[in-house]
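First listed ligand is number 1; within each ligand, the first listed atom is number 1. For this chain, numbers begin at 1 and follow the sequence in order. Note that this is a predicted model, so its numbers are computed, not measured.
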Amino acid sequence: MNSWLPFLALALPAVLLASPVRAATRPNILVCIADDASWHHFGANGDPVVRTPAFDRVAREGVSFRHAFTSSPSCTPARGALLTGQHFWRLGEAGNLWSRWPNTAPVYPDLLAQAGYRVGLQGKGWGPGDFKFHGRTHNPAGSAVKDFATFLEGTPRGTPFCFWFGSTDPHRLYDRGSGLKAGLRLEDVSVPPFLPDTPAVRSDLLDYYAEIERFDRDIGAMLKVLEARGELDNTLVVITSDNGFPFPRGKATCYDAGTRMPLVIRWPARVPGGRVVDDFVSLTDLAPTFLEAAGLKPPREMTGRSLLPLLTSGKSGLVERRRDRAFFGRERHANVRENDWGYPIRAIRTKDFLYLRNFAPDRWPAGDPPIYGDVDQANDIAGSPSKQAVVEHGGDPAIQRLFELAFGKRPAEELYDLRADLWQMNNVAGDPRYARQLKRLAADLMRELKRTGDPRATGEGDTFDRYHYVSGGTVVRPRGQ
Ligand SMILES: [Ca+2]
């Protein structure tokens with residue numbers, strides 16, 4: 001199958017009116033997206049330390065998703081997938097971090113703008129990368145504005161809006177000791193078992209929490225502005241993140257700490273609140289959801305499926321039985337390997353299992369030694385006290401296993417049984433007792449990759465290693481071109 005086939009559909013009219021939704025009933029859409037926050041680290045998701053009243057309110061008065069996954073645990077492809085409603089592997093060069101926006105796949109903010117929405121962006125939109133190279137004039141997430149309040153003042157009454165608040169919290173670097181200064185306590189932290197439990201790591205986690213709290217305060221202020229304007233209840237408010245926390249075994253990995261995302265949605269005008277949903281959803285489902293909520297038919301190249309039926313159902317638990325799995329993966333994150341190569345992974349996650357296919361197991365998954373730069377920070381190990389704790393004590397017998405889990409090479413297949421191994425630390429892919437599950441999950445994954453035109457499934461996967469890496473005005477053209 002030609003991997004470019006999905007793009008041919010772009011010649012068709014992008015948007016068709018699906019239903020006669022009157023302009024007055026179309027919701028405003030507000031997306032609040034954190035930068036590097038995992039599902040686990042929000043109050044409503046069970047974290048006992050972090051204080052997130054705005055997130056908790058939206059969860060309480062809306063729908064809270066327990067199994068939402070990013071398409072890729074890396075800023076650029078995650079945001080591209082969310083904006084296009086497509087698996088990241090369908091986005092060509094935008095499947096990599098620090099890439100160029102191909103400007104071929106439609107994005108929901110453009111489609112809503114064409115339908116009369118006012119569209120704005122505050123903070124980090126699609127990126128990092130170069131959205132202008134192939135001809136765009138503004139970020140795919142919207143035209144940049146000063147702030148939300150100013151944007152609202154300039155929006156006429158009766159005109160629906162679509163706004164993207166892209167926080168840079170809780171991305172590193174952190175203000176060392178800021179968690180302690182914010183009143184958080186070392187002794188309250190629960191350190192995940194793949195990190196060393198030391199005071200330095202605990203304090204690093206508190207600093208991460210402090211930035212999540214700032215993200216939450218910013219959202220609280222925005223909700224207040226909407227409320228004062230009388231528009232809160234007809235605004236579809238979404239709070240989520242692009243990828244998981246910037247710690248070893250988190251961001252840029254396909255384990256839960258890298259891919260399982262916070263996702264709460266509040267829209268009282270049509271969505272009964274107070275619900276926790278177990279369906280497996282992808283952040284690629286958001287674009288078709290927004291379009292459908294606005295009365296538009298999602299373009300057929302969107303692989304995401306609208307959440308609107310689920311949201312309006314009023315039901316909790318597993319609402320749509322076929323939503324029992326999520327697919328995701330990664331290509332090049334930071335440029336930290338010989339020959340400017342990435343580390344290709346594809347994965348399927350179900351309630352009980354996580355199956356990973358590593359397409360190039362001869363490469364270093366976290367980047368070449370001694371920097372292992374796919375784990376923040378790429379150029380400065382001391383910029384991440386948790387990474388430093390693992391790297392600098394890798395020879396210590398107590399830390400050695402954690403070092404291998406974070407930075408060591410991995411086999412072509414990994415399988416984790418979440419019933420016994422919540423944090424996915426014991427690979428059972430070689431255990432004959434799991435042969436049946438492994439075979440089935442591998443087949444299910446490959447079927448989805450083929451169905452959706454993934455170059456990795458059609459023998460053209462190396463194309464991701466050949467795209468330019470565009471960082472800070474520097475363009476790296478991989479060797480052999
Ligand atoms: Ca990010």
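Of the angles at the Ca ion (ligand 1), the one spanning OD1 of D242 and OD1 of D35 is 90° when given to 10°. With the Ca ion (ligand 1) at the apex, D36 OD1 and N243 OD1 define an angle of roughly 90° (rounded to 10 degrees).
Residue C75 counts as close to the Ca ion (ligand 1), with an N, O or S atom under 3.0 Å. At a cut-off of 3.0 Å, S241 is not counted among the residues with an N, O or S atom near the Ca ion (ligand 1).
In this structure, R79 forms no cation-pi arrangement with W126, as its terminal cationic atom is not both closer than 6.0 Å to the ring centre and no more than 45° off the ring axis. Relative to the six-membered ring of F151, R118 meets both conditions, a distance below 6.0 Å and an angle of at most 45° to the axis.
No close placement of the Y117 and F161 rings is indicated, their centers lying 6.0 Å or farther apart.
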Could you walk me through whether D204 and R172 pass the salt bridge (charged side-chain N to carboxylate O under 4.0 Å, His left out) check?
CA-CA 10 Å; D204 197 24; R172 290 186 189 273; 2.8 Å; yes
